[in-house]
Amino acid sequence: MLFNSYAFIFFFFPLVVLGFFLIGARNVRAAAGFLALASLFFYGWWSIEALPLLVASICFNYWAGLKLTPAPDRSDRSRKRFLILVLAINLGVLAVFKYANFFVGNVNEGLAASGLAPLPLLHIALPIGISFYTFTQIAFLVDCWQGKVRERSFIHYVLFVTYFPHLIAGPVLHHAQMMPQFANPSTYRIDADKVALGLGIFTFGLAKKLLIADPMGQYADLMFNGVHNGVLPSLYTAWFGVLAYTLQIYFDFSGYSDMAIGLSLCLGVQLPLNFNSPYKSTSIIEFWRRWHISLSTFLRDYLYVPLGGNRKGPARRYLNLFLTMLLGGLWHGAAWTFVIWGALHGAYLMINHLWVAKVRRGRPASRFGHVLGWMLTFVCVMIAWVVFRAESMHAAVAVYQGMLGLHGNPGTAFREFAVLPYRKPEFFQTLMLAMFICLALPPTITLHRWIPRVQALASFPKVEWVSTGVISLASIYMLGLCISKLGTYSPFLYFQF
């Protein structure tokens with residue numbers, strides 16, 4: 001069930017909101033249970049076959065979390081051994097479902113080169129959202145071992161893991177962000193202002209997906225699918241195709257995150273900010289503080305810091321940065337293209353930190369330096385997105401060659417460009433709108449400053465009432481426009497991860 005579907009918008013979500021607050025008015029524990037069951041139903045709608053794995057993972061990790069909690073009868077050494085065991089089990093399950101065929105495929109290439117018979121592929125279907133709910137629970141287990149977990153309600157834990165706004169594509173949640181909210185009785189009382197704000201944020205996220213990401217994706221697919229089928233892109237085709245994908249992935253994933261935040265806010269629960277205008281970044285360091293914030297935080301806290309962080313000297317720090325990004329790339333998918341994407345960003349970060357330490361040395365950048373830094377950062381991010389999107393390294397190299405003009409000189413490229421869909425006015429209109437939103441507007445979650453509030457309608461101050469009315473009508477119009485675009489199957493890009 002997609003957020004951008006008739007079934008979700010007109011049936012599932014209204015029924016969940018109604019049931020949650022009606023039950024919550026009588027029994028908050030029952031309301032939490034109802035929401036957990038609704039979340040499991042939401043997941044089962046996607047894949048009933050993968051539901052038992054999710055339930056088994058929840059039960060196992062909740063039990064393991066209890067065992068990992070410090071207690072007088074448990075030594076630190078035994079708890080650490082048990083932590084290693086349960087982490088290995090979680091990562092092993094993830095590896096089997098997500099990476100087994102990747103591993104076997106690479107082994108088979110070596111066997112084929114040696115003239116030996118290949119190993120059979122496992123043909124295991126990837127359970128949707130497995131990376132997100134596995135990482136969420138790994139963080140919980142580590143925090144249990146460190147004695148940081150206080151909430152012990154099984155229902156709240158189930159809800160924390162399965163909570164449908166984030167279950168399929170994040171953000172990667174931390175128990176301290178969510179479980180106290182589920183334990184707060186005020187969460188179960190409807191707040192009209194939160195509902196208005198949530199619906200406004202949801203509408204903006206839906207617009208990002210349907211009005212910007214999907215059209216940009218159509219143009220990006222023309223170029224990347226063409227390259228996959230052997231069509232070599234010229235200069236303009238390659239650059240516009242990569243720019244289209246750069247905007248598609250941002251507005252697709254940012255749109256999903258906005259919708260998740262909005263839906264959750266309607267239920268009285270606040271999800272963390274996952275995007276903070278990342279394409280405004282003037283360095284790769286800043287980019288990773290703004291892009292997919294929940295994953296960046298997880299990789300920092302549970303991978304970079306345990307590897308040693310910056311505590312073991314500059315050389316080890318750069319190595320830890322590179323390894324963290326390399327594994328972050330592999331987390332996105334079982335393909336060498338994702339590994340190379342992670343390696344590129346790891347190299348970017350190493351160079352950026354080296355520049356800051358050896359050249360900048362704490363000196364503030366000039367205005368020209370900020371502009372130059374933004375341009376360089378944006379181009380580097382675009383270059384990395386090529387290998388992230390390409391079907392293979394061969395296809396990625398073909399796109400890079402096109403970006404360098406190796407498949408046609410500018411004159412040839414211009415003649416080709418004149419007959420391509422990139423010439424259509426709507427492409428450039430959408431592209432300019434997307435760039436304006438990326439570079440000029442604040443993150444959607446900050447719209448609490450001007451999204452319609454019910455209290456404003458009640459107090460009736462003239463100026464505020466008029467502005468609220470105008471914004472309300474604009475939001476309703478945007479929602480109607482988005483609904484008119486529904487009807488086609490348009491999954492979110494991060495569902496595959």
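Predicted, not measured: the structure shown is a model, and the values here were computed from it. In what follows, residues are counted from 1 in the order of the sequence shown.
- From L267, atom CG reaches atom CZ of F182 across 9.0 Å, with rounding to the nearest 0.5 Å.
- Residues forming a ring pair (Phe, Tyr, Trp, His ring centres under 6.0 Å) with W239 (at least two apart in sequence, or on another chain): none.
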So Y133 and I58, side chain to side chain contact (heavy atoms under 4.5 Å, CB included) or not? Walk me through it. CA-CA 9 Å; Y133 70 70; I58 291 170; over 6 Å; no
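- The two residues G241 and F224 come nearest to each other via the heavy atoms O-CE1, 4.0 Å.
- Side chain of T162 to main chain of L40: no donor-acceptor pair is present (N/O by atom type, distance under 3.5 Å, no hydrogens or angles).
- Dense packing is recorded around CZ of F10, with more than 12 heavy atoms of other residues, nucleotides or ligands lying under 6.0 Å away.
- Y256 and L167 make their closest contact through OH-N, 4.3 Å (heavy atoms, listed as atom of the first residue, atom of the second, distance).
- In this structure, S57 contributes its side chain and L53 its backbone to no donor-acceptor pair below 3.5 Å.
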Applying side chain to side chain contact (heavy atoms under 4.5 Å, CB included), run through L91 and Y99 and close with a yes or a no. CA-CA 10 Å; L91 293 174; Y99 302 105; over 6 Å; no
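- Counting non-hydrogen atoms of other residues, nucleotides and ligands closer than 6.0 Å to CE of M435 gives a total above 12.
- For the pair L243 and F378, the minimum side-chain heavy-atom distance is below 4.5 Å.
- The closest side-chain heavy-atom distance from I9 to L486 is below 4.5 Å.
- Note that the CD atom of Q177 and the OG atom of S294 stand 8.0 Å from one another [nearest 0.5 Å].
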Would W331 and F132 satisfy ring-ring contact (aromatic ring centres under 6.0 Å, His included), going step by step from the backbone distance to the final call? CA-CA 10 Å; W331 174 86; F132 286 97; 5.2 Å; yes
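- With F12 as reference, F164 is the one residue of Y6, W45, F164 to meet the ring pair (Phe, Tyr, Trp, His ring centres under 6.0 Å) rule.
- In this structure the side chain of E391 reaches within 4.5 angstrom of the side chain of R389, judged on heavy atoms.
- Taking the six-membered ring where tryptophan is involved, the planes of H166 and Y163 are tilted, since the angle between them lies from 30° to 60°.
- Checking T134 against N90 by side-chain atom types alone, no donor-acceptor pair falls below 3.5 Å.
- The two residues H345 and A384 have their closest heavy-atom pair at NE2-CB, 3.6 Å.
- With a 4.5 Å cut-off on side-chain heavy atoms, L271 and M178 count as touching.
- Qualifying ring pair (Phe, Tyr, Trp, His ring centres under 6.0 Å) partners for Y62, counting only residues two or more places apart in sequence or in other chains: F154, Y157.
- Between A244 and Y219 the shortest heavy-atom distance is CB-CB, 4.2 Å.
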Would you please test F13 and V17 for side chain to side chain contact (heavy atoms under 4.5 Å, CB included) and show each step? CA-CA 6 Å; F13 186 65; V17 172; 3.5 Å; yes
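- Between T297 and V172 the shortest side-chain heavy-atom distance does not fall below 4.5 Å.
- Annotation: the span from M325 atom CE to L344 atom CG amounts to 10.0 Å, rounded to 0.5 Å.
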Atom pairs and distances, side-chain donor-acceptor, residues 196-212, under 3.5 Å, sequence neighbours left out:
residue : atom : partner : partner atom : Å
T203    : OG1  : L199    : O            : 2.8
K208    : NZ   : S254    : OG           : 2.9
K208    : NZ   : D258    : OD2          : 2.7
K208    : NZ   : T444    : OG1          : 3.0
K209    : NZ   : D214    : OD1          : 3.1
K209    : NZ   : D252    : OD2          : 2.6
K209    : NZ   : S490    : OG           : 3.3
K209    : NZ   : P491    : O            : 3.1

In sequence, state the C-alpha distance, the side-chain angles, and the governing distance for T430 and F251, and then conclude on side chain to side chain contact (heavy atoms under 4.5 Å, CB included). CA-CA 12 Å; T430 306; F251 282 96; over 6 Å; no
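- Note on ring orientation: taking the six-membered ring where Trp is involved, the planes of W341 and W385 are parallel (angle under 30°, cut-offs 30° and 60°).
- Aromatic ring orientation, H332 versus F338: parallel (interplanar angle below 30°, classes split at 30° and 60°).
- Residues N61 and V161 fail the side-chain proximity criterion, which asks for heavy atoms closer than 4.5 Å.
- For S281 (side chain) and P278 (main-chain N/O), a donor-acceptor pair under 3.5 Å exists by modelled atom type.
- Considering CG of L376 and OH of Y348, their distance stands at 9.0 Å, rounded to 0.5 Å.
- With S296 contributing its side chain and W291 its backbone, the two residues share a donor-acceptor pair below 3.5 Å.
- At a cut-off of 3.5 Å, with distance as the only test, no side-chain donor of D301 or H174 sits close to an acceptor on the other residue.
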Distance-only donor-acceptor hits, side chain of residues 22-37, under 3.5 Å, sequence neighbours excluded:
residue : atom : partner : partner atom : Å
R26     : NH1  : L22     : O            : 3.0
N27     : OD1  : R29     : N            : 3.0
N27     : OD1  : A30     : N            : 2.9

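- At a threshold of 4.5 Å between non-hydrogen side-chain atoms, the residues Y43 and I128 count as touching.
- Counting heavy atoms of neighbouring residues, nucleotides and ligands inside a 6.0 Å radius, atom NZ of K280 exceeds 12 of them.
- The line from CD1 of I293 to CG of L273 is 4.0 Å long, rounded to the nearest 0.5 Å.
- For F298, the ring pair (Phe, Tyr, Trp, His ring centres under 6.0 Å) criterion is met by F135, Y302, not counting sequence neighbours.
- Counting non-hydrogen atoms of other residues, nucleotides and ligands closer than 6.0 Å to CZ of R289 gives a total of 12 or fewer.
- Here F428 contributes atom CZ and L431 contributes atom CG; the two are 7.0 Å apart, rounded to the nearest 0.5 Å.
- The nearest pair of heavy atoms linking A434 to L247 is CB-CD1, 3.9 Å.
- In this structure, the side chains of N352 and F287 stay at 4.5 Å or more apart for every pair of heavy atoms.
- Closest non-hydrogen pair, L141 versus G65, comes out as CD2-N, 3.8 Å.
- Looking at residues two or more places apart in sequence or on another chain, you find a ring pair (Phe, Tyr, Trp, His ring centres under 6.0 Å) between Y250 and F275, Y279.
- Remark: side-chain polar atoms of Q181 are paired, donor with acceptor, to backbone N or O of Q270 under 3.5 angstrom.
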